[in-house]
Amino acid sequence: MNTPDQSLLGKQAHYADQYDPALLFPLARAPARHEIGLTGALPFFGADLWTAFELSWLNPRGKPQVAIAHVTVPCETPNIVESKSFKLYLGSFSNTVFATADAVRDRLRADLSEAVWRGAESPATVGVRLVLPEVFDREPVHELDGLSLDRLDIECTDYTPAPHLLTTVAGEPPVEEVLTSNLLKSNCLVTGQPDWGSIRIRYTGPQIEQGGLLRYLVSFRNHNEFHEQCVERIFMDLWRQCKPTRLAVYARYTRRGGLDINPLRTSHPMPLPPNVRTARQ
C-alpha cells in the first residue's frame, strides 16, 4: 500500500514531457476513513470533482493543443490520486502526439480509472470531460449558493478540529437550510502548505447553531489532511453531533499546480453539482 510520505510531495521531481501513466500515485482512502471510525459500507454518497487547467499535447503536425479537463472520481473508489503525481502525469502529455482530443480524453479516463480503482473487486471508470479553447468563455464563475455564515461576528480560539462546537438549537422545529462559508482552511498532510476552500452545507433536521458551526469550520485552520479527508471528517462530525435527517457537504478548494479538488459527500443520492469554479479558484 502506498503512503503519503512515499509520494513526490515536497520532493524534487523530474518533469517528464513524454506520456507516462506510471507517474500516477494512488493513495488508499481507508486509513483516513478508519481515523474517523468508518469501516465497512460507507454512510454517504458523492464524488471528488477535479479540474485540471494545465493540460496540453501535440497534434499529428506537432502543433500544441490545450484544454481544461473536468474529472469526476466516485467516493467509492478505494484510492485517491496524490495531486502532485496527477500534475506530473498531466505534464507528461506536453510533448506527446495524440490524434484527437477524444484520444486524450480516453487515455485520461483509462489511466485515472486504473489508479483510483486499483485493488477493487469490481473496478469501474471515472468521468472525464474536456473543455476546448473555442468554448473557454462559456466556463462560468459562481459562488456557492446559501446563507453565509461569515456574516457572524464570532470569537475563534480553536484551530484544530473541534466537533464539540457543533450543537443544535433546543426547542426549535426541524429546518431545511443551506449554509456557506469562505473561511475553510486546512493544510496539506505532507508538506503543510495551506489549502484554502469554500464550503456549502445543506441539511434537513434539528437546527444547527450557526455560530458554533462557523467556529467548527474555522477549527480546521491548522489541521493537516487532504481535501477529501477533511470533507468526510466534516460530514461525519455533523452527522454524529447534530443528527440531521439529510446532509450534503460540498467544498471547493483553490487550485494548486493547475489543479483544484472539490469533494461532495451526501447522505442521500443526488445529482452532482456542476463543476463550476468560484472566484478564488
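Values below: all heavy atoms of this structure, side chains included; hydrogens, waters and symmetry mates excluded. Remember, predicted model here, so these are calculated numbers, not experimental data. For this chain, numbers begin at 1 and follow the sequence in order.
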Salt bridge (charged side-chain N to carboxylate O under 4.0 Å, His left out) between Glu54 and Lys87, intermediate numbers included: CA-CA 8 Å; Glu54 299 177 5; Lys87 175 181 173 60; 3.0 Å; yes
Derivation of the side-chain contact (heavy atoms from CB on, under 4.5 Å) call for Arg255 and Arg277: CA-CA 10 Å; Arg255 76 180 80 163; Arg277 71 181 180 92; 4.2 Å; yes
side-chain contact (heavy atoms from CB on, under 4.5 Å) assessment of Asn187 paired with Phe220: CA-CA 9 Å; Asn187 304 312; Phe220 278 74; over 6 Å; no
Worked verdict on Val276 versus Val141 for side-chain contact (heavy atoms from CB on, under 4.5 Å): CA-CA 6 Å; Val276 174; Val141 176; 5.9 Å; no
Salt bridge (charged side-chain N to carboxylate O under 4.0 Å, His left out) assessment of Arg29 paired with Glu228: CA-CA 9 Å; Arg29 295 187 190 265; Glu228 302 92 336; 5.4 Å; no
Residue pair Trp50, Val73: steps toward the side-chain contact (heavy atoms from CB on, under 4.5 Å) verdict: CA-CA 8 Å; Trp50 291 67; Val73 180; 4.0 Å; yes
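In this structure, the side chain of Ser148 does not engage the main chain of Ser181 through any donor-acceptor pair within 3.5 Å. Under a 3.5 Å cut-off, the side chain of Tyr250 and the backbone N or O of Ser198 do not form any donor-acceptor pair. The backbone N or O of His70 sits nowhere less than 3.5 Å from a side-chain atom of Thr51 that would complete a donor-acceptor pair. Checking side-chain atoms of Ser94 against main-chain N and O of Gly91 turns up a donor-acceptor pair under 3.5 Å. Side chain of Thr168 to main chain of Cys242: no donor-acceptor pair is present (N/O by atom type, distance under 3.5 Å, no hydrogens or angles). In this structure, the side chain of Glu232 does not engage the main chain of Arg33 through any donor-acceptor pair within 3.5 Å. A distance-only check finds no donor-acceptor pair linking the side chain of Arg221 to the backbone of Ser186 [under 3.5 Å]. Side-chain atoms of Asn262 come within 3.5 Å of backbone atoms of Leu49 as a donor-acceptor pair (strictly under, hydrogens ignored). When atom types are taken as modelled, the side chain of Ser113 and the backbone of Ala110 share no donor-acceptor pair closer than 3.5 angstrom. Proximity of a side-chain donor or acceptor of Asp158 to a complementary backbone N or O of Ala162 within less than 3.5 Å is not detected.
Taking 4.0 Å as the cut-off between side-chain N and carboxylate O, Asp48 and Arg265 count as a salt-bridged pair. Salt bridge annotation for Asp195-Arg256: present, with a cationic side-chain nitrogen under 4.0 angstrom from a carboxylate oxygen.
The distance from atom NE2 of His164 to atom CD of Gln241, rounded to the nearest 0.5 Å, is 9.5 Å. Taken to the nearest 0.5 Å, the CG atom of Asn182 stands 7.5 Å off from the OG1 atom of Thr278. Taking CZ of Phe226 as the reference point, atom CD of Glu82 lies at 6.0 Å (rounded to 0.5 Å). To the nearest 0.5 Å, atom CD of residue Gln281 and atom OG1 of residue Thr254 are 7.5 Å apart. With values rounded to the nearest 0.5 angstrom, Glu209 atom CD is found 10.0 Å from Leu214 atom CG. In this structure, CG in Leu130 is found 8.0 Å from CG in Asp102, a value given to the nearest 0.5 Å.
Here the side chains of Leu149 and Leu217 are in contact, with some heavy-atom distance below 4.5 Å. The shortest side-chain heavy-atom distance between Val71 and Leu108 does not fall under the 4.5 Å cut-off. Inter-residue side-chain proximity for Val249 and Leu238 is flagged as met; some heavy-atom pair is nearer than 4.5 Å. Within the 4.5 Å cutoff, no side-chain heavy atoms of Leu58 are placed close to those of Thr96. Inter-residue side-chain proximity for Phe25 and Phe86 is flagged as unmet; no heavy-atom pair is nearer than 4.5 Å. Within the 4.5 Å cutoff, the side chain of Asp137 has no heavy atoms near those of the Glu139 side chain. Using a 4.5 Å heavy-atom threshold, the side chains of Glu177 and Thr204 count as separate. Taking 4.5 Å as the limit, every side-chain heavy atom of Pro206 sits out of range of all side-chain heavy atoms of Val169.
With a 6.0 Å radius and a threshold of 12 heavy atoms from other residues, nucleotides or ligands, Arg240 has its CZ atom above the threshold.
Under the 4.5 Å side-chain heavy-atom criterion for Ile, Leu, Val, Met, Phe, Trp and Tyr, Trp239 and Leu213 are members of the same hydrophobic cluster. Hydrophobic cluster membership differs between Leu189 and Met236, with clusters built from Ile, Leu, Val, Met, Phe, Trp and Tyr side chains linked at under 4.5 angstrom. Ile234 and Leu144 fall into different hydrophobic clusters, where Ile, Leu, Val, Met, Phe, Trp and Tyr residues are linked whenever their side-chain heavy atoms come under 4.5 Å apart, directly or through other members. Under the 4.5 Å side-chain heavy-atom criterion for Ile, Leu, Val, Met, Phe, Trp and Tyr, Leu259 and Leu184 are members of distinct hydrophobic clusters. If you chain together hydrophobic residues whose side chains sit under 4.5 Å apart, Val178 and Phe45 never meet in one group.
Remark: the Asn222 side chain and the Thr160 side chain contain no N/O donor-acceptor pair separated by less than 3.5 Å. Asp237 and Tyr216 are linked by a side-chain donor-acceptor pair at a separation below 3.5 angstrom, with hydrogens and angles left out of the test. Side chain to side chain, Asn275 and Arg252 meet the donor-acceptor criterion of an N or O pair below 3.5 Å. Looking at Arg151 and Gln210, their side chains do bring a donor and an acceptor atom within 3.5 Å of each other.
In this structure, the ring pair (Phe, Tyr, Trp, His ring centres under 6.0 Å) partners of Phe44, at least two apart in sequence or on a different chain, are Phe235. Considering only residues two or more places apart in sequence or on other chains, Phe93 meets the ring pair (Phe, Tyr, Trp, His ring centres under 6.0 Å) condition with Tyr19, Tyr89, Phe98.
In terms of heavy-atom proximity, Ser92 sits nearest to Asp20 at OG-N, 3.0 Å. Between Pro60 and Val97, the shortest heavy-atom contact is CA-CG1, 3.7 Å. Ala28 approaches Asn79 most closely through the heavy-atom pair CA-OD1, 3.5 Å. Of all non-hydrogen atoms in Arg129 and Val131, the two that sit nearest each other are NH1-CG2, 3.5 Å. The shortest non-hydrogen separation linking Ile261 to Pro263 is O-CD, 3.7 Å. When every heavy atom of Thr266 is checked against every heavy atom of Gly46, the shortest pair comes out as CG2-N, 4.4 Å.
The one candidate from His227, Arg233, Glu225 that meets the side-chain contact (heavy atoms from CB on, under 4.5 Å) condition with Gln229 is Glu225.
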